[in-house]
Amino acid sequence: MTARDLYVYGIVRAGHRLPPGSLGVGSPPAPVRGLPAGRLAAVVSDVPEGLRARRRDLMAHQGLLTSLAATGAVVPMRFGTVCGGEDVLVERLAAAERHHLTCLDRIDGRVEMNLKVLPAQEDGLADLLRDDAHVRRLRDDARRRPGYEANLRLGEAVTAGLERRAREAAAHLLRELSAFADGTAAGPEVAGCVLNTSFLVGGSEHDRFTAAVSRLAAGHRGRVELKLTGPMPCYSFVGPEHAPAGA
């Protein structure tokens, strides 16, 4: 890195006022400023020495984005985004201005809620044994004639059964919750999860969305466990896949 490098937190519309006394990453925390670029502005600071993903800096990055979003839309950058100088950054913003403005319109007044769906374990096993005759038969066989092969067949059947039931429930959850969102974005595969999806939720729908998650979690107990994270900056709804044609 050089002295000219900039740490980039996010992109906002020109005229978006920064929270008073805004500070960013680093120790001591770096002062944050806006870098105008046409109809946009980048929220930046100097790059601190020895930048790493420390909890303190991760929280500072996230906290600044949350503060910015409280007063207007912000296209969030991932932690550690660095650009080589003001001229380079202004040029990049100008080249992608149409895309960024479209993203800002899309996420204005909205937040990201992430839902991870996992197969239920203890309750799920009891329900699976009650409902699945094949698994019950394998369990009974393993009890009568215990051994490696019998246990292996039973374990494989249990794992497959729990996952199948969880995927069926997850498909229903996705349909139900999409009604409360302005968009969805599939996340990367996560070990142990049958669904990892983010929802773009308007501020007026946030309470209804979280209430629906609680209701569905209770209704599908024994099939899935739900992990809801948010509200978060709208990372999943500002990528290249959301760019308009020709941008």
Side-chain angles (χ1 to χ4, degrees), residues 1-114 183 185 187 198-203 206 229-243 247:
M1 297 179 186
T2 72
R4 298 191 316 112
D5 287 340
L6 296 176
Y7 185 98
V8 188
Y9 299 88
I11 301 164
V12 296
R13 295 187 183 94
H16 189 134
R17 303 187 75 171
L18 304 188
S22 294
L23 297 173
V25 298
S27 180
V32 174
R33 63 189 185 274
L35 177 64
R39 291 185 288 171
L40 301 170
V43 181
V44 303
S45 70
D46 293 339
V47 180
E49 291 293 330
L51 177 66
R52 296 199 304 274
R54 301 181 183 90
R55 185 176 188 278
R56 175 193 66 213
D57 288 333
L58 290 168
M59 295 299 292
H61 182 98
Q62 188 85 344
L64 179 61
L65 288 172
T66 300
S67 297
L68 287 167
T71 56
V74 54
V75 173
M77 297 292 106
R78 298 288 180 179
F79 177 85
T81 300
V82 173
C83 187
E86 292 190 2
D87 291 344
V88 172
L89 182 52
V90 168
E91 182 179 342
R92 290 181 180 178
L93 290 179
E97 183 181 77
R98 181 183 171 195
H99 167 60
H100 291 315
L101 289 171
T102 298
C103 288
L104 287 165
D105 288 341
R106 176 176 172 79
I107 65 178
D108 198 4
R110 297 169 175 84
V111 296
E112 178 171 337
M113 303 293 292
N114 176 261
S198 286
F199 298 82
L200 185 65
V201 180
H206 178 262
T229 304
M232 303 183 295
C234 301
Y235 290 107
S236 300
F237 299 94
V238 296
E241 65 274 19
H242 300 289

message = With side chain to side chain contact (heavy atoms under 4.5 Å, CB included) as the test, pick out the partner of Val12 among Leu18, Thr71, Leu40, Val74.
response = Val74
ask   = Out of curiosity, Phe79 CZ to Arg52 CZ, how far, rounded to the nearest 0.5 Å?
value = 10.0 Å
message = If I compare all heavy atoms of Leu58 with all of Ala53, which pair ends up nearest, and what's the gap?
response = CD1-O, 3.8 Å
request  = List the atom of Gly85, the atom of Leu6, and the distance in Å for their closest heavy-atom pair.
outcome  = C-CD1, 4.0 Å
Gap separating the CD1 atom of Ile107 from the OG atom of Ser236, nearest 0.5 angstrom = 11.0 Å
query = With distance as the sole test, does His16 use its side chain to make a donor-acceptor pair with the main-chain N or O of Gly34 at under 3.5 Å?
reply = no
message = Show, in sequence, the C-alpha distance, side-chain angles and deciding distance for Asp57 and Tyr7, and conclude whether the side-chain contact (heavy atoms from CB on, under 4.5 Å) test is met.
response = CA-CA 12 Å; Asp57 288 333; Tyr7 185 98; over 6 Å; no
query = Does Arg106 reach the main-chain N or O of Leu104 with its side chain, forming a donor-acceptor pair under 3.5 Å?
reply = no
task = Supply the atom-to-atom distance Cys83 SG to Arg4 CZ, rounded to the nearest 0.5 angstrom.
result = 9.5 Å
inquiry  = Ignoring hydrogens, what is the shortest heavy-atom contact between Gly80 and Leu51? Give both atom names and the distance.
reply    = CA-CD2, 4.3 Å
ask   = Any donor and acceptor pair, going by atom type alone, linking the side chain of His61 with main-chain N or O of Met77 inside 3.5 Å?
value = yes
task = Considering non-hydrogen atoms only, spot the tightest contact between Leu200 and Cys234 and give its length.
result = CD1-SG, 3.7 Å
message = Quick check: closest heavy atoms across Ser67 and Pro19, and the distance to 0.1 Å?
response = CB-CG, 3.7 Å
inquiry  = Which heavy atom of Val32 sits nearest to which heavy atom of Gly24, and what is that distance?
reply    = CG2-N, 3.5 Å
request  = Mind checking the OH-OG spacing from Tyr9 to Ser22? Nearest 0.5 Å is all I need.
outcome  = 9.5 Å
message = Does Arg17 have more than 12 heavy atoms from other residues, nucleotides or ligands lying within 6.0 Å of its CZ?
response = no
Partner of Val43 by side chain to side chain contact (heavy atoms under 4.5 Å, CB included), out of Ile11, Leu64, Val8 = Leu64
query = Taking it one step at a time, do Met113 and His206 satisfy side-chain contact (heavy atoms from CB on, under 4.5 Å)?
reply = CA-CA 9 Å; Met113 303 293 292; His206 178 262; 3.8 Å; yes
remark   = Taken to the nearest 0.5 Å, the spacing of Gln62 CD from Arg55 CZ works out to 11.5 Å
query = Sequence neighbours excluded, which residues qualify as ring-ring contact (aromatic ring centres under 6.0 Å, His included) partners of Phe199?
reply = Phe209
request  = Enter the distance from Arg13:CZ to Asp105:CG here, rounded to the nearest 0.5 Å.
outcome  = 5.0 Å
query = According to the side-chain hydrogen bond (donor to acceptor under 3.5 Å, both in side chains) rule, which pairs have a member within residues 79-93, sequence neighbours left out?
reply = none
message = Donor-acceptor pair, distance only, cut-off 3.5 Å: does the side chain of Glu112 make one with the backbone of Phe237?
response = no
